[in-house]
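First up is the structure itself, then whatever we jot down about it.
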Amino acid sequence: MQELHAARGEAAPEAGAGPALSARGLSRRFGEVTALDGLSFEVGRGELYGLVGPDGAGKTTAIRALAGLIRLDGGEARVLGLAADDHAVRERVGLMPQQFSLYRDLSVGENLRFFSRVFVLPREVYRRRAERLLEITRLAPFLDRRADALSGGMYKKLALACALLHEPEVLLLDEPTNGVDPVSRRELWALLHEFVHGGMTVLVSTPYMDEAERCGRVGLMNRGRLLLEGAPPALIAGFRDEAYEVRGGERDRVEAELARTPAVRAASPAGERLRIVVARGASAELARALAPLGATLAPVTPDFEDLFLSRIREEEA
Amino acid sequence: MTGPVRPSARVQLAAIFRKEVQQTVRDRRIMFMLVVAPLIQTVVFGFAVDFEVDRVPTLVVDADRSATSREDARRLLADGTLLSVGEESSAEAASAALDAGRASAALVFERRAEADRLSGRGQEVQVLLDGTDPNRTTVTSGAVSRFFSELGERLARERIEASGQTPPAQLRPIPRVAFNPGLATAPYMVPGIAAMLLVIVTTFTSAMGLAREREMGTLEQVLVTPIRPVHLLVGKMAPFVVIGLVVVTLLVGVGTWLFAIPIRGNLGLLLVGTLLYLLTTLGAGLLISTVSANQQQAFLGGFLFTIPAVLLSGLMTPILAMPGWLRPLTLLNPIRWYAEIMRGVLLRGAGFADLWLQFVVLLVIGVAIVAAATLRFQRRLG
Ligand SMILES: Nc1ncnc2c1ncn2[C@@H]1O[C@H](COP(=O)(O)OP(=O)(O)OP(=O)(O)O)[C@@H](O)[C@H]1O
Ligand SMILES: [Mg+2]
């Protein structure tokens with residue numbers, strides 16, 4: 001990908017570079033639903049920022065706002081210092097939407113060629129970039145296959161290739177690994193790191209916590225707002241709660257007891273066992289309550305998922 | 001410094017055009033709907049809308065059984081408008097046969113018909129008519145009246161001549177019908193049908209086209225590219241303009257061949273008129289799709305536009321027969337103007353000097369609709 005950037009030449013990085021992306025108090029309602037509720041965050045140039053949150057948190061709406069695709073009820077979305085819906089930013093931003101957004105009845109090659117034409121790339125430039133993109137996405141053998149005949153993973157790679165053809169400075173990716181097998185998923189993340197290494201700014205949304213950990217910085221979204229933001233290691237280091245595994249006991253009765261205890265912030269099955277997040281200092285009392293049920297607590301190292309589940313629970317309580 | 005390539009509208013338009021063609025040509029059903037269906041429909045409708053009335057099934061009730069009643073019935077049935085389908089014994093039986101739909105008209109000669117005529121008292125012939133189809137009824141009763149009034153006139157003349165006097169001069173209007181001397185329906189109707197099919201096909205394809213992009217999610221990907229809305233819309237319309245021109249050419253060809261429609265004027269002029277007409281119909285489709293969230297809504301919108309447009313175009317009901325308050329609406333109806341251009345060019349050999357108003361009106365309507373669609377079409381998903 002660095003080669004691609006070299007091909008562009010020095011496309012004058014903005015003097016006094018402000019943030020690549022800035023969301024300030026974004027609000028948007030759809031009827032009764034508040035999709036964005038005063039969402040604010042910034043993504044610096046060359047940063048890999050992860051927008052993490054459960055289904056319906058407002059990730060897609062936030063990304064569409066930054067792509068200038070929706071009307072806002074309030075707030076301001078800016079890209080590279082310009083309003084998000086400014087015509088001038090479009091050549092500098094790439095978007096890979098969450099849902100299918102390429103022409104299903106066109107082939108891989110036709111889709112690529114179409115977007116290169118709409119971006120007015122000279123034929124030579126298109127040929128060079130398409131070759132490189134087909135190589136890194138390993139789609140070259142499927143050039144003539146219709147887009148709707150691709151597997152989920154191949155489709156996502158094609159969508160990525162289409163979003164990258166014009167070599168955007170800022171790339172917006174909405175759940176790019178949704179429906180993608182683990183191998184392709186790892187490849188996709190490797191690509192993202194390569195892009196960022198080459199100077200691109202990447203905003204990626206994901207519902208997967210393990211993916212959040214691969215970002216330079218993450219923002220945890222819930223109900224249209226940011227609950228938490230920072231670099232993953234720093235966030236885990238600042239985590240105040242404790243994580244445990246509950247072993248033994250009859251599952252239903254243990255779960256009932258956990259549900260009854262306010263100090264238990266989150267509980268999720270981990271194989272045969274339950275993984276829980278407990279407020280700091282409340283574990284001793286919980287252990288006493290669980291003892292009669294034949295269950296014991298074993299401390300584990302808190303991870304990202306614990307952190308997010310706990311914060312979302314706290315927020316909703 | 002090699003800055004980013006400046007977007008060029010021409011390349012973008014061509015990209016949208018090419019993509020639209022690829023998608024359309026690949027979709028057999030759409031191609032069928034666009035090209036073959038209008039041809040078949042023109043042929044079918046061309047034969048179906050034959051408004052000439054002939055061979056009206058007629059019963060004869062001859063209670064008189066005289067030489068004159070037999071002769072009258074024979075001559076009346078001979079001209080082709082009425083077709084004898086049998087006899088009945090009484091007016092009641094004939095009326096029942098009309099109710100049952102076995103005939104549409106009945107001629108009833110009363111018992112003393114011949115005697116009444118010869119005695120000079122005057123003779124009455126009863127005509128029973130099925131009024132379900134007013135046009136047919138009017139034509140049938142007209143044919144019977146004409147026959148008997150001519151007969152009466154002849155009898156009167158004979159009587160006057162027999163008495164040695166000079167009969168009064170005859171008064172008879174002689175209509176001379178220009179352009180369509182045989183008063184055939186097809187040459188008049190087929191251009192109208194073509195205009196109607198064209199509006200339906202093109203409005204729906206363009207309304208559905210943009211709605212499909214919205215529904216399939218492709219609009220989201222296109223909207224983040226540097227293409228401007230007007231280029232996107234024009235690029236999407238362009239292939240259908242080409243298809244529309246091809247379809248019109250085919251329709252005129254079929255009309256000439258099957259329905260003996262004359263081509264008296266300049267076909268180039270007709271194609272220019274078609275171009276303007278397509279601007280209005282495709283523009284209307286785009287306008288519909290800008291207010292539709294999905295293909296289903298666009299489809300409904302298509303109906304809400306095309307059906308009233310066809311009904312209020314003068315193709316079905318003469319504009320002069322519409323209520324006064326409705327008539328001005330037809331001035332905004334592209335079908336009306338295009339049908340006038342088609343009939344003018346094909347049947348009358350009219351030139352631009354005769355039809356400039358129609359051209360100007362279509363152009364104004366077309367530009368207004370496309371402008372409205374472009375303004376309504378926001379670079380937004382919601
Ligand atoms: N166009 C729309 N019309 C109505 N409601 C909408 C629309 N777009 C989003 N919403 C609602 O706004 C809320 C946030 O939706 P959004 O798609 O932004 O969430 P998300 O975080 O992307 O979820 P997911 O992980 O499921 O993709 C949801 O409740 C959704 O139903
Ligand atoms: Mg989403």
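Within every chain, numbering begins at 1; the chains are lettered A, B, ... in the order of the sequence lines, protein sequences first and strands thereafter.
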If only atom types and distance count, is the side chain of [X] paired as donor or acceptor with the main-chain N or O of [Y] below 3.5 Å?
| X | Y | value |
| --- | --- | --- |
| A:Glu47 | A:Val43 | no |
| A:Arg78 | A:Ser22 | no |
| A:Thr34 | A:Arg29 | no |

Contact origin within A:Asn111 toward chain B - heavy atom pairs under 4.5 Å: neither
Under 4.5 Å from a heavy atom of chain B, the part of A:Phe30 involved: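 Contact with chain B involves no heavy atom of A:Phe30 at all.
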If every non-hydrogen atom of [X] is compared with every non-hydrogen atom of [Y], which pair is closest and at what distance?
| X | Y | answer |
| --- | --- | --- |
| B:Ala211 | B:Ser289 | N-CB, 4.1 Å |
| A:Glu175 | A:Asn178 | OE1-ND2, 2.9 Å |
| B:Phe204 | B:Phe303 | CZ-N, 3.5 Å |
| A:His166 | A:Val93 | NE2-O, 2.8 Å |

Chain B contact residues among residues 53-72 of chain A, heavy-atom distance under 4.5 Å: A:Arg64, A:Ala67, A:Gly68, A:Leu69, A:Ile70, A:Arg71
Residues of residues 100-110 of chain A near chain B, each having a heavy atom less than 4.5 Å away: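 Within residues 100-110 of chain A, the residues that come under 4.5 Å of chain B (heavy atoms only) are A:Phe100, A:Ser101, A:Leu102, A:Tyr103, A:Arg104, A:Asp105, A:Leu106, A:Ser107, A:Glu110.
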Starting at [atom1] of [X], measure out to [atom2] of [Y] and round the result to the nearest 0.5 Å.
| X | Y | atom1 | atom2 | answer |
| --- | --- | --- | --- | --- |
| A:Leu165 | A:Arg113 | CG | CZ | 9.5 Å |
| A:Asp73 | A:Leu36 | CG | CG | 9.0 Å |
| A:Leu171 | A:Thr201 | CG | OG1 | 9.5 Å |

Selection from B:Thr225, B:Val11, B:Leu219 maximising heavy-atom pairs under 4.5 Å formed with chain A: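 If we count pairs closer than 4.5 Å to chain A, B:Thr225 comes out on top.
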Heavy-atom contacts under 4.5 Å, residues 227-246 of chain B to chain A: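 Listed by number, the contacting residues are B:Ile227, B:Arg228.
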Contacts with chain A made by residues 16-40 of chain B (heavy-atom distance under 4.5 Å), listed by residue number: B:Ile16, B:Arg18, B:Lys19, B:Gln22, B:Gln23, B:Arg26
CD (A:Gln99) with more than 12 external heavy atoms under 6.0 Å: yes
